A.B. asks: 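Got a structure for you, questions after.
Scope of the values below: all heavy atoms of this structure, side chains included, with no hydrogens, waters or symmetry mates. Predicted model, so just to flag it, every value in this text is computed and none were measured.
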Amino acid sequence: ADVARNSNAVSFAADPCSGADPDNPVLGFKKEITIEAGGTLANGLSVTFADKIDLTDVAGEQGAFELDLSGAFGSLKIKDGASGGVDAVLLDKFDIDVAGDNLGKFKTETAGTDGTGLLYGVPSMGAMDIYVSYAPNSDDSGYDTAGYTDTFGFGAVYNGDITVAAGIESASANAAANCSGIAASGLAAGTAADTMDAIYGGTSCGDQTLTYVGAEMAVADMTIKAGYNLLDTDEADTTGMGLGLSTSVGGYDLDINYRNTVKEYLVGGFEDEQSIIGVSLGTALGDGVDMKFQFSQNDVDLASQATAFGGNDSTSDYFAEASMTVGF
């Protein structure tokens with residue numbers, strides 16, 4: 001209350017489409033090169049190296065790599081952008097494409113795994129697989145000024161008639177990653193969402209704990225899956241719940257997925273909520289050529305766009321896409 005505020009303007013979206021009218025369809029593409037090599041040494045140690053280059057964003061891929069070692073001791077993955085214990089056991093991310101705002105798929109890691117890290121898989125114990133992850137430095141700087149140091153994770157999967165997975169990852173923030181709050185100079189002009197995050201605490205920052213529980217089972221020719229995902233931070237908390245069903249009919253693969261995501265702000269009792277149902281149908285046209293059709297219906301209610309703040313309240317839209325993948 002003692003901090004002086006300025007009167008910079010806050011801008012709201014004119015409408016969910018920002019004043020534009022629909023003009024469908026659109027054409028798009030992705031280009032990737034995947035390199036993978038592996039072998040088994042005379043002592044039984046298996047070594048695999050893999051790298052993927054996104055040709056539409058080469059600068060962002062320069063440091064991306066992973067190295068896998070496996071043997072009687074179990075498995076060890078060394079990866080840039082570490083795989084945490086939750087990421088290792090996640091049965092489904094419920095990643096559904098939508099038009100407009102998207103609160104995001106299931107969280108796979110905390111900010112503590114931004115740097116290079118280790119994922120150790122314990123030697124298989126029958127139907128149980130256990131993983132332990134460690135990321136020493138989120139900046140890969142070697143200094144304790146990094147945002148996060150010494151991030152640990154744990155995950156386990158039981159493969160029976162019903163596959164059950166659970167994992168947890170914890171990252172403690174150093175000063176560089178603490179929540180910054182509002183600067184003494186006041187709020188800068190920006191979108192309503194930015195202002196909402198700044199005033200009511202809507203960013204994922206500070207200490208973070210990621211928890212996941214999921215299950216999957218086969219019923220006749222169908223696979224049914226469910227999951228719960230929670231990222232708890234010093235500011236906003238994000239909770240995801242998902243349900244899915246997949247089956248094959250002739251040469252076609254059918255997937256139906258539902259995801260509900262809720263982002264809770266630190267103060268004020270505000271939250272963003274999104275519910276999505278998506279359907280996809282895919283088939284192989286030939287060796288290395290696949291065709292996929294997907295459709296989703298999306299309902300999103302953002303606190304920053306509430307009518308009380310001058311916004312447009314909730315938004316509903318749909319997304320439809322046809323894609324062809326060629327691999328060789």
A.B. asks: Would you check if L302 and L103 make a side-chain contact, meaning some heavy-atom pair closer than 4.5 Å?
C.D. replies: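 L302 vs L103: side chains touch.
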
A.B. asks: Please test L231 against S204 for side-chain contact (heavy atoms from CB on, under 4.5 Å), starting from the C-alpha separation and ending with a verdict.
C.D. replies: CA-CA 8 Å; L231 178 62; S204 298; 4.0 Å; yes

A.B. asks: If you look at every heavy atom in S133 and S83, which pair is closest and at what distance?
C.D. replies: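 Looking at all heavy atoms of both residues, the shortest contact is CB-O, 3.6 Å.
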
A.B. asks: Kindly work out whether a path of hydrophobic side-chain contacts (I/L/V/M/F/W/Y, heavy atoms less than 4.5 Å apart) joins I199 to M196.
C.D. replies: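 Same hydrophobic cluster.
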
A.B. asks: How close do G206 and A173 get, counting heavy atoms only, and between which atoms?
C.D. replies: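 Taking G206 first and A173 second, the nearest heavy atoms are C-CB, 3.5 Å.
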
A.B. asks: Side-chain contact, heavy-atom cut-off 4.5 Å: I130 with F154?
C.D. replies: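 Yes, close enough: below the 4.5 Å cut-off.
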
A.B. asks: Would V98 and Q297 satisfy side-chain contact (heavy atoms from CB on, under 4.5 Å), going step by step from the backbone distance to the final call?
C.D. replies: CA-CA 7 Å; V98 301; Q297 174 64 43; over 6 Å; no

A.B. asks: In Å and rounded to the nearest 0.5 Å, what is the CD to CG distance from E264 to L230?
C.D. replies: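 Answer for the CD-CG pair, E264 versus L230, is 8.5 Å.
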
A.B. asks: Before giving the answer on side-chain hydrogen bond (donor to acceptor under 3.5 Å, both in side chains), spell out for D299 and S316 the whole-Å C-alpha distance, their side-chain angles and the decisive distance to 0.1 Å.
C.D. replies: CA-CA 4 Å; D299 295 305; S316 296; 2.4 Å; yes

A.B. asks: Apply side-chain contact (heavy atoms from CB on, under 4.5 Å) to the pair K225 and F94, showing each step before the final yes or no.
C.D. replies: CA-CA 10 Å; K225 55 196 173 185; F94 294 97; 4.2 Å; yes

A.B. asks: About how many Å separate OG1 of T113 and CG of D80, when rounded to the nearest 0.5 Å?
C.D. replies: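 Reported to 0.5 Å precision, the distance equals 10.5 Å.
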
A.B. asks: Would you call the rings of Y318 and F295 parallel, tilted or perpendicular if under 30° counts as parallel and over 60° as perpendicular?
C.D. replies: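 Parallel: the ring planes of Y318 and F295 meet at under 30°.
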
A.B. asks: I need the L210 CG to S170 OG distance, nearest 0.5 Å.
C.D. replies: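 Taking CG in L210 and OG in S170, the distance rounds to 10.0 Å.
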
A.B. asks: What are the two closest non-hydrogen atoms of T151 and A171, and how far apart are they?
C.D. replies: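 Of all heavy-atom pairs spanning T151 and A171, the closest is OG1-CB, 3.7 Å.
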
A.B. asks: Which pairs of donor and acceptor atoms, one on a side chain in residues 240-256, lie under 3.5 Å apart (sequence neighbours left out)?
C.D. replies:
{"residue": "T247", "atom": "OG1", "partner": "D221", "partner atom": "O", "Å": "2.9"}
{"residue": "S248", "atom": "OG", "partner": "D253", "partner atom": "OD1", "Å": "2.8"}

A.B. asks: Can a donor-acceptor pair be found, under 3.5 Å and without considering hydrogens, that links the side chain of K79 to the backbone of G81?
C.D. replies: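 Checked: pair present.
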
A.B. asks: To the nearest 0.5 Å, what is the distance between CG (N178) and SG (C205)?
C.D. replies: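 Between atom CG of N178 and atom SG of C205 there are 8.0 Å.
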
A.B. asks: Taking D51 for its side chain and I35 for its backbone only, find out whether a donor-acceptor pair lies under 3.5 Å.
C.D. replies: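 Answer holds: no.
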
A.B. asks: Checking N260 against S275 for the side-chain hydrogen bond (donor to acceptor under 3.5 Å, both in side chains) test, could you report, in this order, the C-alpha distance in whole Å, the side-chain angles of both residues, the deciding distance, and whether it holds?
C.D. replies: CA-CA 4 Å; N260 175 265; S275 295; 3.0 Å; yes

A.B. asks: Can you find a heavy atom in the side chain of F49 that is under 4.5 Å from one in the side chain of E66?
C.D. replies: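 No, their side chains stay 4.5 Å or more apart.
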
A.B. asks: Taking side chain as C-beta onward, heavy atoms only, is V300 less than 4.5 Å from S314?
C.D. replies: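 No. Closest side-chain heavy atoms not under 4.5 Å.
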
A.B. asks: Consider only side-chain N and O atoms of D272 and Y265, and report whether a donor and an acceptor are under 3.5 Å apart.
C.D. replies: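 On atom types as modelled, these side chains qualify, holding a pair under 3.5 Å.
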
A.B. asks: Show the nearest heavy-atom pair for residues N137 and S141, with the distance to one decimal.
C.D. replies: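 Nearest pair, atom of N137 first, then S141: OD1-N, 3.1 Å.
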
A.B. asks: Are the side chains of N159 and D129 in touch, meaning some heavy atoms are under 4.5 Å apart?
C.D. replies: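 Touching, per the 4.5 Å side-chain cut-off.
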
A.B. asks: Examine V47 and Y120 and state if one hydrophobic cluster contains both, with Ile, Leu, Val, Met, Phe, Trp and Tyr joined whenever side-chain heavy atoms are less than 4.5 Å apart.
C.D. replies: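 In one cluster with V47: Y120, yes.
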
A.B. asks: Any side-chain donor paired with an acceptor under 3.5 Å for D232 and Q208?
C.D. replies: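 The criterion, which ignores hydrogens and geometry beyond distance, is not satisfied for Q208 and D232.
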
A.B. asks: Is any side-chain heavy atom of I168 less than 4.5 Å from a side-chain heavy atom of T209?
C.D. replies: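 The answer is yes, as the side chains (C-beta and beyond) meet within the 4.5 Å cut-off.
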
A.B. asks: Starting at CG of N257, measure out to CG of D92 and round the result to the nearest 0.5 Å.
C.D. replies: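 Going from the CG atom of N257 to the CG atom of D92 covers 5.5 Å.
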
A.B. asks: Apply side-chain contact (heavy atoms from CB on, under 4.5 Å) to M324 and V289, showing your working.
C.D. replies: CA-CA 7 Å; M324 181 171 65; V289 182; 4.1 Å; yes

A.B. asks: When you measure from the side chain of S138 to the backbone of Y148, do you find a donor-acceptor pair of N or O atoms at a distance under 3.5 Å?
C.D. replies: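 Yes, because the side chain of S138 sits within donor-acceptor range (under 3.5 Å) of the backbone of Y148.
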
A.B. asks: Of the non-hydrogen atoms in L91 and A165, which two are nearest, and what is the gap between them?
C.D. replies: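 Looking at all heavy atoms of both residues, the closest pair is CG-CB, 4.0 Å.
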
A.B. asks: Assigning hydrophobic clusters by single linkage (Ile, Leu, Val, Met, Phe, Trp, Tyr; side-chain heavy-atom cutoff under 4.5 Å), is Y131 placed with F106?
C.D. replies: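 Yes, it is one cluster - the side chains of Y131 and F106 are joined through contacts under 4.5 Å.
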
A.B. asks: Check whether more than 12 heavy atoms from other residues, nucleotides or ligands sit under 6.0 Å from atom OH of Y134, and answer yes or no.
C.D. replies: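 It does: Y134 OH has more than 12 such atoms within range.
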
A.B. asks: Between N174 and A146, is there a donor-acceptor pair closer than 3.5 Å when you use the side chain of the first and the backbone of the second?
C.D. replies: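 Indeed, once roles are kept as given, a pair shorter than 3.5 Å links the two residues.
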
A.B. asks: Are any non-hydrogen side-chain atoms of V89 and Y212 less than 4.5 angstrom apart?
C.D. replies: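 They are in side-chain contact.
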
A.B. asks: Hydrophobic cluster membership, with links at side-chain heavy-atom distances under 4.5 Å among I/L/V/M/F/W/Y: are M125 and V157 in one?
C.D. replies: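 Cluster IDs for M125 and V157 differ.
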
A.B. asks: Judged by atom type as modelled, is there a donor-acceptor pair below 3.5 Å linking the side chain of D234 to the main-chain atoms of D207?
C.D. replies: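 Answer holds: yes.
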
A.B. asks: CG of D150 to OG of S172: how many Å apart, nearest 0.5 Å?
C.D. replies: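 Separation between the atoms: 9.0 Å.
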
A.B. asks: List the steps, then state whether side-chain hydrogen bond (donor to acceptor under 3.5 Å, both in side chains) holds for Q274 with D101.
C.D. replies: CA-CA 9 Å; Q274 182 172 44; D101 295 296; over 6 Å; no

A.B. asks: Regarding D87 and K77, does a basic nitrogen lie under 4.0 Å from an acidic carboxylate oxygen?
C.D. replies: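 The answer is no: the pair does not qualify as a salt bridge.
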
A.B. asks: Between E169 and V86, what is the shortest heavy-atom contact and its length?
C.D. replies: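 Taking E169 first and V86 second, the nearest heavy atoms are N-CG2, 4.1 Å.
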
A.B. asks: When you group the ILVMFWY residues by side-chain heavy-atom contacts below 4.5 Å and let the links chain together, are L76 and L45 in the same group?
C.D. replies: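 Yes, one cluster joins them.
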
A.B. asks: Is any side-chain heavy atom of Y158 less than 4.5 Å from a side-chain heavy atom of T163?
C.D. replies: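 When only atoms from C-beta onward are counted, T163 and Y158 do not touch, as no gap falls below 4.5 Å.
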
A.B. asks: Taking the side chain from R259 and the backbone from I276, do they hold a donor-acceptor pair closer than 3.5 Å?
C.D. replies: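 Not a single qualifying donor-acceptor pair exists.
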
A.B. asks: D144: what forms a side chain to side chain donor-acceptor pair (under 3.5 Å) with it, not counting sequence neighbours?
C.D. replies: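 Partners of D144 by the side chain to side chain donor-acceptor pair (under 3.5 Å) criterion come out as none, since no residue qualifies.
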
